[in-house]
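The structure appears right after this line, and notes come after that.
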Amino acid sequence: MIVLAWADSTHAQQSAGDFYTTAGVSFPYQAAVDPASAPPFPAPGGITVGWLAGGGVFLPAGFSLEGELSRTGTMTSNHDGRHYTGQSATRRDWFLSVGLKRHFDLRSTFGVEPIVGLVLVGDQGTYENTYGSAFGTENRYSGYYPIDWVQGVMFGVDFRIGGRRLAFTPGLRFAFTNVPTGQDCVVLSSGGTECRDDAERWKYRHPRWTLRPAAALRVVF
């Protein structure tokens, strides 16, 4: 991708009104909250492989307005607690952001592009809980968390390597968001589901910071 970008390294300034698209791979990381020895157990965390796609339009004075959709991979966790309890869970997040980006060194093959803006994060997950007794009996029930969107802020920086029309753009994003409090849906033995909206999703044991390195390719039209 770097070779392709260098092949288009013309030294022309971007014009206001030009638009661009981006697509690439991301490596989001969320630090898992320390597990307690009894429920409620924390949301899964860790590093995964995800994707991103977006675009923007150039504004005057070297700025652009950029939007992006991305998704993490599936995070997993397994916890055993006291009182014969346990939980296995999965989770993944969607990110929908819009931000104002500043483009430095547009006339050069290399450029730095800081960005700041707002983000909506859609959290969704599944879980299976176990509980037993001292006599060795064990019971299980499973459920899921439908997607729940919360607000946050994001900031970061991209590094442009390439020309006016085609460039390789590795970058880094940080997002700080509210804690999701959406529905908790339990799968019944009959096969149906019973959902409640009691603001106790993940019991507030949820990471609020997301760190996301990424590598993408940009095409300007």
Side-chain angles (χ1 to χ4, degrees), residues 1-8 18-32 43-58 64-77 89-103 111-127 144-163 165-180 182 201-202 206-221:
M1 288 189 291
I2 295 175
V3 172
L4 288 173
W6 278 343
D8 183 43
D18 287 352
F19 66 93
Y20 59 89
T21 61
T22 58
V25 61
S26 63
F27 307 93
Y29 170 74
Q30 296 181 359
I47 187 168
T48 61
V49 179
W51 56 264
L52 66 93
V57 59
F58 284 96
S64 70
L65 184 64
E66 182 174 293
E68 184 186 273
L69 176 67
S70 66
R71 198 188 75 179
T72 69
T74 300
M75 295 165 276
T76 63
S77 65
T90 69
R91 185 173 67 87
R92 65 183 182 186
D93 284 349
W94 292 84
F95 290 81
L96 179 60
S97 65
V98 59
L100 186 66
K101 175 178 279 188
R102 179 70 166 93
H103 301 264
V112 179
E113 302 176 345
I115 186 172
V116 62
L118 302 176
V119 63
L120 290 175
V121 180
D123 172 86
Q124 58 185 161
T126 67
Y127 62 86
Y144 64 93
Y145 297 128
I147 191 166
D148 180 49
W149 294 91
V150 295
Q151 306 84 11
V153 296
M154 70 87 182
F155 57 93
V157 62
D158 290 335
F159 302 95
R160 179 182 54 79
I161 307 171
R165 296 298 181 186
L166 185 64
F168 176 57
T169 56
L172 190 64
R173 293 285 191 281
F174 296 89
F176 181 78
T177 63
N178 293 326
V179 176
R201 186 185 190 110
W202 299 120
H206 190 283
R208 302 187 67 182
W209 280 99
T210 301
L211 166 64
R212 196 206 70 185
L217 190 66
R218 176 192 298 163
V219 179
V220 180
F221 298 91

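Here the side chains of Arg91 and Pro180 are not in contact, with every heavy-atom distance at 4.5 Å or above. Between Thr90 and Met75 the shortest side-chain heavy-atom distance does not fall below 4.5 Å. Put simply, the side chain of Thr169 does not reach to within 4.5 Å of the side chain of Phe159, judged on heavy atoms. Residues Pro44 and Trp202 are in side-chain contact: their nearest non-hydrogen atoms beyond the backbone lie under 4.5 Å apart. Side-chain atoms of Thr177 and Gln151, non-hydrogen and from C-beta on, never get closer than 4.5 Å to each other. Using a 4.5 Å cut-off on side-chain heavy atoms (C-beta onward), Thr210 and Phe176 make no contact. Between Ile115 and Phe155 there is no side-chain heavy-atom pair separated by less than 4.5 Å. Proximity of Leu118 to Val153: side-chain heavy atoms (C-beta onward) are separated by under 4.5 Å at one or more points.
Here the CG-OG1 distance, from Asp93 to Thr74, works out to 10.5 Å after rounding to the nearest 0.5 Å. Put simply, CG on Leu100 and OG on Ser64 are 7.0 Å apart, with the number rounded to the nearest 0.5 Å. Atom CZ of Arg165 and atom CG of Asp18 lie 5.5 Å apart (nearest 0.5 Å). The distance from the CZ atom of Arg160 to the CD atom of Glu113 is 6.0 Å, given to the nearest 0.5 Å. Taking CG of Leu65 as the reference point, atom CZ of Phe58 lies at 12.0 Å (rounded to 0.5 Å). To the nearest 0.5 Å, the span separating OG on Ser26 from CG on Leu172 amounts to 11.5 Å.
Between Tyr20 and His103, the ring planes are perpendicular. Angles over 60° get that label, and only those under 30° would be called parallel. Between Trp209 and Phe174, the ring planes are perpendicular. Angles over 60° get that label, and only those under 30° would be called parallel.
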Tyr127 and Tyr145: CA distance, side-chain angles, deciding distance, ring-ring contact (aromatic ring centres under 6.0 Å, His included) verdict: CA-CA 8 Å; Tyr127 62 86; Tyr145 297 128; 5.2 Å; yes

Let's go through Val220 and Thr21 carefully: what are the C-alpha distance in whole Å and the side-chain angles of both, what is the deciding distance for side chain to side chain contact (heavy atoms under 4.5 Å, CB included) to 0.1 Å, and is it a yes or a no? CA-CA 7 Å; Val220 180; Thr21 61; over 6 Å; no

Can you list the steps and then say if Asp148 with Arg201 is a side chain to side chain contact (heavy atoms under 4.5 Å, CB included)? CA-CA 10 Å; Asp148 180 49; Arg201 186 185 190 110; 3.5 Å; yes

Does the side chain to side chain contact (heavy atoms under 4.5 Å, CB included) test come out yes or no for Asp158 and Lys101, once each step is laid out? CA-CA 9 Å; Asp158 290 335; Lys101 175 178 279 188; 2.6 Å; yes

For side-chain hydrogen bond (donor to acceptor under 3.5 Å, both in side chains), just list the numbers for Tyr144 and Gln124, CA-CA rounded to whole Å, side-chain angles, deciding distance to a tenth of an Å, and then say yes or no. CA-CA 8 Å; Tyr144 64 93; Gln124 58 185 161; over 6 Å; no

Begin from the C-alpha positions of Arg212 and Tyr29 and carry the test side chain to side chain contact (heavy atoms under 4.5 Å, CB included) through to its verdict. CA-CA 6 Å; Arg212 196 206 70 185; Tyr29 170 74; over 6 Å; no

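Minimum heavy-atom separation, Val179 to His206: CG1-CB, 3.9 Å. In this structure, Ala167 and Leu217 approach most closely via the heavy-atom pair O-CD1, 3.3 Å. In terms of heavy-atom proximity, Leu120 sits nearest to Trp149 at O-CZ3, 3.7 Å. The two residues Ala175 and Val119 have their closest heavy-atom pair at CB-CG1, 4.4 Å. Here the shortest heavy-atom pairing between Val25 and Gly50 reads CG2-O, 3.4 Å.
Side chain to side chain, Gln30 and Arg208 fail the donor-acceptor criterion of an N or O pair below 3.5 Å. Looking only at atom types and distance, the side chain of Thr48 has no donor-acceptor partner in the side chain of Thr72 under 3.5 Å away.
Checked for salt-bridge contact, Glu68 and Arg218 miss the test: no charged N lies under 4.0 Å from a carboxylate O.
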